[in-house]
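All remarks here apply to the structure that follows.
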There are 2 protein chains.
Amino acid sequence: MPPRPGLSKSELEVARMVWTLKDANVRSVHEAIAENRDIDFTTVQTYLRRLAEKGYLNVRLEGRSRFYSPRVRPRTVIRETVDDLVERLFGGEAMPLMKHLVEEGRFSDGEIDQLRQLIDRMEGADDEQ
Amino acid sequence: MPPRPGLSKSELEVARMVWTLKDANVRSVHEAIAENRDIDFTTVQTYLRRLAEKGYLNVRLEGRSRFYSPRVRPRTVIRETVDDLVERLFGGEAMPLMKHLVEEGRFSDGEIDQLRQLIDRMEGADDEQ
DNA sequence: TTGACACAATTACAAATGTACTCGATACTT
DNA sequence: AAGTATCGAGTACATTTGTAATTGTGTCAA
């Protein structure tokens, strides 16, 4: 259903970096990812190109290098991705995923409070876009 | 980190069917999936074989056809899958995913109550498996 | 000015994935 | 028994994904 090709796992990771950096060339994205795991510069370069091809990123030429920026809002990508997961892994039911997260995810008491408030605010409110 | 190869999106879907059916041959899995989307019998067959190769399913020969049953507990697969998603899409933070689900997932008031209770029971309790 | 670097664009390629065709063996029908 | 429909195992293959080697082009130090 999504209007563009889906993203692979690794592509997601790279996309997320661009969201955080807002506007970045290969070098800075590579540096950001390399902090966590070992990855080649050119590999990141490939991901960025593919993300742009798939319509997820804008590309701008500055000097002799390219700058990438988000073209689809994170929220949209997150929705599509999570929806797909929920569909495949839970047959479309989001509740089991919630339960899983609460049970497995080690939330601090503070976070739990935060969550409770979120839920309170949500109840009965059927507004969104 | 998982001790076996990860599952692809489609493989996940097929695995889930086997979890529900407990023990099934290609035909029954195919029928179950075909209710939702159009898919070839032999395609399902391939997924089942790969799932077994990857160590997710047990295979038993009965007559001249094979029966598949879960070998890894759903809970484990779910944990590995969700952990991976959280890592790639939210940099390892589960909270944003919770928020997303609460905001986007349309839960009924009843479900929200259910969730609230779950949270209450969770608070302070640092026990698991 | 001329190698030696630095950096990014291009090109490459094996493995994984989605998807199904082919073929052989049984079962069903006249 | 011969013909045909059924069903699943085996085989096939194009596309996508993960990952990087190669090539091209300025930059600087001797």
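The sequence lines fix the lettering, A, B, ..., with proteins before strands; numbering per chain opens at 1.
- Scanning for side-chain hydrogen bond (donor to acceptor under 3.5 Å, both in side chains) contacts around B:T20 gives an empty result, with sequence neighbours left out.
- Remark: B:N36 engages no residue in a side-chain hydrogen bond (donor to acceptor under 3.5 Å, both in side chains) (not counting sequence neighbours).
- Within the 4.5 Å cutoff, side-chain heavy atoms of B:K54 are placed close to those of B:E11.
- The outermost nucleotides of DNA chain C lying under 4.0 Å from heavy atoms of chain B, listed 5' to 3', are C:dT17 to C:dT26.
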Name each donor-acceptor pair under 3.5 Å that joins a side chain in residues 83-96 of chain A to protein atoms two or more places apart or in another chain, with its distance.
{"residue": "A:D84", "atom": "OD1", "partner": "A:R88", "partner atom": "NE", "Å": "3.4"}
{"residue": "A:R88", "atom": "NH1", "partner": "B:S10", "partner atom": "OG", "Å": "3.4"}

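- Every residue two or more places apart in sequence or in another chain was checked for a side-chain hydrogen bond (donor to acceptor under 3.5 Å, both in side chains) with B:T76, and none qualifies.
- Shown here are the side-chain hydrogen bond (donor to acceptor under 3.5 Å, both in side chains) partners of B:D23, two or more places apart in sequence or in another chain: B:R60.
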What N/O pairs connect the protein and nucleotides 9-11 of chain D at under 3.5 Å? Give each pair on its own line.
{"residue": "D:dA9", "atom": "OP1", "partner": "B:R66", "partner atom": "N", "Å": "3.1"}
{"residue": "D:dA9", "atom": "OP2", "partner": "B:Q45", "partner atom": "NE2", "Å": "2.7"}
{"residue": "D:dA9", "atom": "N7", "partner": "B:Q45", "partner atom": "OE1", "Å": "2.9"}
{"residue": "D:dA9", "atom": "N7", "partner": "B:Q45", "partner atom": "NE2", "Å": "2.9"}
{"residue": "D:dG10", "atom": "OP2", "partner": "B:R66", "partner atom": "NH1", "Å": "3.2"}
{"residue": "D:dT11", "atom": "O4", "partner": "B:R49", "partner atom": "NH2", "Å": "3.1"}

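- D:dC7 atom C1' lies 13 Å from atom CZ of B:F67, rounded to whole Å.
- Not a single ring-ring contact (aromatic ring centres under 6.0 Å, His included) links A:H100 to another residue, sequence neighbours left out.
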Show the distances under 3.5 angstrom between N or O atoms of the protein and N or O atoms of nucleotides 13-17 of chain D.
{"residue": "D:dT17", "atom": "OP2", "partner": "A:K54", "partner atom": "NZ", "Å": "2.7"}

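- For A:R116, the salt bridge (charged side-chain N to carboxylate O under 4.0 Å, His left out) partners two or more places apart in sequence, or in a different chain, are A:D113, B:D120, B:E123.
- Contacts classified as ring pair (Phe, Tyr, Trp, His ring centres under 6.0 Å) and involving residues 5-29 of chain A (residues at least two apart or in different chains) are not found.
- Contacts classified as salt bridge (charged side-chain N to carboxylate O under 4.0 Å, His left out) and involving residues 29-44 of chain B (residues at least two apart or in different chains) are given here: B:E13-B:R37.
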